[in-house]
Amino acid sequence: MTAPASSSAIPVPKAGSWPLFGWFTLAFMVFSQWYAIATSPADRDMGDLQKILYVHVPASWIMSITFALVFVYSLLYLWKGKDSYDLLAASSAEVGATFVGLTLVQGMIWGKPTWGVWWTWDARLTSTLVLFLVFVGYLALRAFIDEPQRRGQWSAAVGVLGSINVPIVWMSVRWWRTLHQMQSTPQTMDPTYRNGLLINFLAFTLLAVYLIRRRYEAAMIARAAEMTSQAAALGGH
Amino acid sequence: MPPIAGQNNWSFVIAAYAITWITIIGYWVHVHRTLRDAQHDLDAANAAGAK
């Protein structure tokens with residue numbers, strides 16, 4: 001007689017205090033955006049459009065760190081072969097693809113009144129669009145391959161190669177003459193606007209940590225369910 | 001960059017913040033639904049295995 005199939009052998013992360021952390025993060029995001037808008041006067045050149053930077057720059061920051069995570073976890077998966085690294089890379093990629101899409105749309109909304117067009121094939125915009133398409137492809141690839149090990153290996157290879165585009169996106173405004181301005185960072189900003197940007201960097205970082213953690217939790221539970229079903233099916237024969 | 005400070009661009013600012021929150025809340029809901037469905041599948045798989 002075989003033992004009843006159970007998920008006990010598969011580590012399933014517990015929610016713990018993460019839901020509370022999530023609600024705190026949402027509240028902190030509302031506060032940080034209110035603080036940034038309320039404390040920043042209209043910019044000399046950009047006027048009130050400057051306020052878009054408080055969500056556009058942190059969203060692009062999240063894009064960079066999530067794809068850095070994809071790079072690291074994909075390499076770790078190729079090296080160690082642990083499922084958890086594959087699922088962490090996939091969770092980071094999904095959050096990253098969401099934020100790179102958001103960054104593109106925010107940029108278009110900023111570009112229309114500033115440049116007079118919604119879109120232009122500028123090096124920064126084009127390299128960001130390529131990054132978005134690569135990671136949409138990464139997620140599509142995962143959906144098409146059923147066998148977990150092969151899915152992990154293929155997507156890790158795409159993850160590593162795709163993440164190489166991140167430094168190209170970052171440096172594109174320096175390497176080419178672009179319509180897009182140089183990066184706005186706390187170092188390049190007037191002190192009047194700095195605190196608003198810093199607090200939003202922190203809020204978006206907390207949000208990304210929360211979303212990646214919960215998405216990873218869901219992926220681990222789904223993997224445990226899949227393995228438990230397989231074990232039950234094998235035990236039934 | 002040409003100075004555009006004199007123009008009223010609040011509609012663009014509001015649109016940018018609206019799309020930000022729609023994305024955040026939309027993805028938040030997606031993650032929690034995925035989590036709930038995965039937990040449901042695991043419970044069903046455990047129940048089937050225990051039979």
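Residue numbers start from 1 in every chain, and the chains themselves are labelled A, B, ... in the order their sequence lines are given, proteins ahead of strands. Just the heavy atoms: all of them, side chains too, but no hydrogens, waters or symmetry mates, feed the values below.
- Salt bridge B:Arg36/B:Asp41: absent, no basic N to carboxylate O contact under 4.0 Å.
- With a 4.5 angstrom heavy-atom cutoff, A:Phe204 touches chain B only via side-chain atoms.
- Rounding to the nearest 0.5 Å places OG of A:Ser40 at 8.0 Å from CG of A:Asp48.
- Looking at A:Leu207, only its side chain comes within 4.5 Å of chain B, counting heavy atoms on both sides.
- The contact between B:Trp21 and chain A is made entirely by side chain atoms (from C-beta outward), counting heavy-atom distances below 4.5 Å.
- With respect to A:Arg223 and A:Asp83, a salt bridge is recorded, a charged nitrogen being found less than 4.0 Å from a carboxylate O.
- Options A:Met108, A:Gln106, A:Lys51, A:Glu226 differ in how many heavy-atom pairs under 4.5 Å they form with chain B, and the most are formed by A:Lys51.
- The heavy-atom pair separating A:Ala225 from B:Ala45 by the smallest distance is O-CB, 3.7 Å.
- Interface remark: A:Glu94 contributes backbone and side-chain atoms alike to the contact with chain B (heavy atom separation under 4.5 Å).
- Put simply, CG on A:Leu104 and CZ on A:Phe132 are 7.0 Å apart, with the number rounded to the nearest 0.5 Å.
- With hydrogens and angles disregarded, no donor-acceptor distance shorter than 3.5 Å links the side chain of A:Arg213 to the backbone of A:Trp18.
- Only the side chain of B:Ile24 comes within less than 4.5 Å of a heavy atom of chain A; its backbone N, CA, C and O stay farther away.
- Of the atoms belonging to B:His30, it is side-chain heavy atoms, and not backbone ones, that fall under 4.5 Å from chain A.
- Between chain B and the options A:Glu217, A:Gln33, A:His56, the largest number of non-hydrogen pairs under 4.5 Å is found for A:Gln33.
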